[in-house]
Amino acid sequence: MGSRASTLLREEEIEEIKKETGFSHSQITRLYSRFTSLDKGENGTLSREDFQRIPELAINPLGDRIINAFFPEGEDQVNFRGFMRTLAHFRPIEDNEKNKDHTASEPLNSRTNKLLFAFRLYDLDRDDKISRDELLQVLRMMVGVNISDEQLGSIADRTIQEADTNGDNCISFNEFIKVLEKVDVEQKMSIRFLH
Amino acid sequence: MEDLWCVALGVFQLWLFVVVFFITLPAMFGLSLGVTGLYIQILVKILEWATLRIQRGRQEQPSVPVPLPNGIIERAGGSMAEEMGRPGCGRFAPSDALYFCKKGLESIADDQVTQRFSSEELASWNLLTRTNQNFCYISLRLTVIWVLGVLVRYCVLFPLRITLAAIGLSWLVIGTTVVGLLPESRENKPQKGGICVANHTTPIDVVILANDGCYAMVGQIHGGLMGVLQRSMVRSCPHVWFERSEMKDRHAVTSRLRAHVAAETKLPILIFPEGTCINNTSVMMFKKGSFEIGGTIYPVAIKYDPRFGDAFWNSGKYHMVSYLLRTMTSWAIVVNVWYLPPMTLQDGEDAAQFANRVKSAIARRGGLLDLAWDGGLKRGKVKDSFKEQQQKMYSSFILGQNGINNQ
């Protein structure tokens with residue numbers, strides 16, 4: 001169980017990941033252990049099936065969308081760097097206060113980047129806007145068979161009506177940000193990683 | 001050259017003499033020479049010293065990994081309604097997806113189920129190579145003790161245990177043929193016609209319980225060494241071996257078990273209702289089949305002390321023989337067994353609820369985590385009905401109390 005794991009991750013790699021994601025040294029080694037325990041094929045990458053094997057994720061209505069977020073466009077495998085980069089979105093924002101670096105580019109776990117992650121959950125074809133169809137599909141994933149098509153349609157229509165400001169019947173990223181401006185995104189999209 | 005042979009032969013004879021007279025014969029008659037107790041005490045002292053040394057080393061070198069027995073993340077418990085952070089009132093908000101998103105990411109970082117099917121991580125190092133995470137470079141003394149430990153385990157303990165195992169195995173195969181002809185006379189803790197249920201970690205559970213009483217066993221057919229053992233055991237007592245994946249087999253098993261229990265003179269049946277080996281940190285869902293048969297249930301809680309050696313059999317990763325090799329080169333297997341008071345099906349309770357009640361009692365006594373997840377997840381996918389449950393919960397949340405959304 002992970003007895004060789006920490007020896008396979010080189011110090012330079014840990015440093016690079018630390019700079020890019022903001023995780024601490026021990027958090028990175030812990031998550032590497034987790035990564036290798038999920039990697040049943042032992043080839044250094046995770047496939048969609050590896051994620052599906054987690055029962056709590058398999059029963060999550062948006063499980064497939066979340067798994068998709070780990071894989072870049074058109075790819076079927078994610079390596080440890082990609083894994084950490086995606087998880088980094090969920091670091092609490094206040095952790096950045098400790099090592100504030102004003103010259104660095106926006107950290108992965110900033111409010112905007114968290115919102116972008118959430119936006120991409122809805123934006124199925126990655127065209128930077130949420131159409132009525134896409135919203136319907138995601139709604140259908142969340143409610144299953146328990147709500148009729150008409151009701152779901154009216155929910156989608158109302159949501160777009162309230163959010164759409166430029167009249168194109170889609171929700172762009174800026175409109176999405178506006179809709180969620182009162183929501184405590186930091187709390188809803190942060191996971192407490194233990195040190 | 002001849003002298004060498006004589007010496008080797010002499011050593012071998014001495015070895016056999018020691019093993020047979022000081023270990024096997026007393027064990028057969030239930031006597032103990034107290035050596036095991038002393039050995040364990042010395043081991044505990046050494047392991048405690050090693051723990052302190054590692055803690056000191058951790059302060060000096062921050063690169064030594066810190067085990068987190070409570071997991072990688074801290075989860076906030078709470079129902080769906082609480083965590084959505086807004087009253088349902090029959091509305092959908094785009095922020096709802098954030099709830100599922102966070103839950104999903106949390107389960108990717110750390111989940112309650114997949115960790116149960118691999119060996120438990122220890123809070124400190126127990127001087128075995130297999131649980132090593134770069135600990136042996138902390139101090140010279142630790143390294144020396146570790147090397148000594150390797151020598152002791154592989155050159156002293158291991159041959160000893162191999163000899164015992166060889167004697168024991170041949171005895172078993174020969175002896176069971178003989179015993180089959182003798183009448184049954186030993187006193188059992190679980191009574192005749194009862195069913196004994198326990199949590200399952202390794203096939204050694206069976207050995208431990210069998211030390212204390214005789215049981216008829218129910219279990220998965222194995223090939224190889226296990227298969228040999230299973231087939232020879234059948235010669236002396238009636239056991240029920242079946243193939244897990246065979247649906248027909250399962251029905252046949254249930255009817256055989258019913259017949260066995262109804263015939264009150266037969267041995268109590270030993271069943272492991274989890275259906276598979278779990279790593280001894282938790283108790284997973286008990287299959288209700290054993291609880292539908294009727295008869296009294298005698299629960300037993302089994303807890304292995306992980307400091308001395310990892311008893312968990314990861315059947316996907318290790319075959320029986322390599323498992324035995326690992327076990328025989330550990331320090332020791334120290335196990336606590338608790339016999340709990342018998343339980344029966346109460347009025348108004350169905351088999352599944354009864355199974356859960358017994359499971360909670362065993363988990364509480366053994367200090368294990370009580371999980372509702374199915375041990376079958378080790379080998380198969382989770383059922384879709386759980387996802388549908390989540391979807392149903394969310395639907396009722398956004399539809400509100402009235403059911404119909406009329407805005």
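Note that these values count all heavy atoms, side chains included, but never hydrogens, waters or copies made by symmetry. All values reported here derive from a predicted model rather than from experimental measurement. We name chains A, B, ... by the order of the sequence lines, and we start the count at 1 in each one.
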Angle between ring planes, Y122(A) versus F92(B), binned at 30° and 60°: parallel, tilted or perpendicular?
perpendicular

By a 4.5 Å heavy-atom criterion (distance strictly below it), what part of Q112(B) contacts chain A: side chain, backbone, both, or neither?
both

Which one wins on heavy-atom pair count under 4.5 Å against chain B: I59(A), I54(A), L135(A)?
I59(A)

Closest-packed option against chain A by number of heavy-atom pairs under 4.5 Å, given A97(B), A93(B), S95(B)
A97(B)

So for F35(A), is it side chain, backbone, both, or neither that comes closer than 4.5 Å to the heavy atoms of chain B?
neither

Do you know which of M141(A), K188(A), H89(A), R34(A) has the most heavy-atom pairs under 4.5 Å to chain B?
R34(A)

Could you tell me which of D111(B), T114(B), L377(B) has the largest number of non-hydrogen atom pairs under 4.5 Å with chain A?
D111(B)

Do E106(B) and I73(B) come within less than 4.5 Å of each other through their side chains, counting heavy atoms only?
yes

Okay, L38(A) and chain B: the region with an atom under 4.5 Å from a heavy atom over there is side chain

Heavy-atom side-chain contact between P203(B) and M320(B) under 4.5 Å
yes

R65(A) versus chain B, heavy atoms under 4.5 Å apart: side chain, backbone, both or neither?
neither

Which of the residues G144(A), A58(A), P61(A) is involved in the greatest number of heavy-atom pairs with chain B at under 4.5 angstrom?
P61(A)

Whether F70(A) and F51(A) hold their rings parallel, tilted or perpendicular, with breakpoints at 30° and 60°:
tilted

Under 4.5 Å between any side-chain heavy atoms of I147(A) and L399(B), yes or no?
yes

Looking at chain B, which one of L139(A), V145(A), D184(A), V138(A) has the largest number of heavy-atom pairs inside 4.5 Å, strictly under?
L139(A)

Compare all side-chain heavy atoms of K102(B) with those of M189(A) and state whether any distance is below 4.5 angstrom.
no

Salt bridge flag under 4.0 Å for residues R48(A) and D76(A)
yes

Might you work through the side chain to side chain contact (heavy atoms under 4.5 Å, CB included) test for F117(A) and R120(A), ending with a clear yes or no?
CA-CA 5 Å; F117(A) 190 91; R120(A) 294 214 172 107; 6.0 Å; no

Identify which part of I66(A) has an atom lying under 4.5 Å from any heavy atom of chain B, answering side chain, backbone, both or neither.
side chain

Which atoms of Y394(B) come close to chain A, meaning under 4.5 Å heavy atom to heavy atom: side chain ones, backbone ones, both, or neither?
side chain

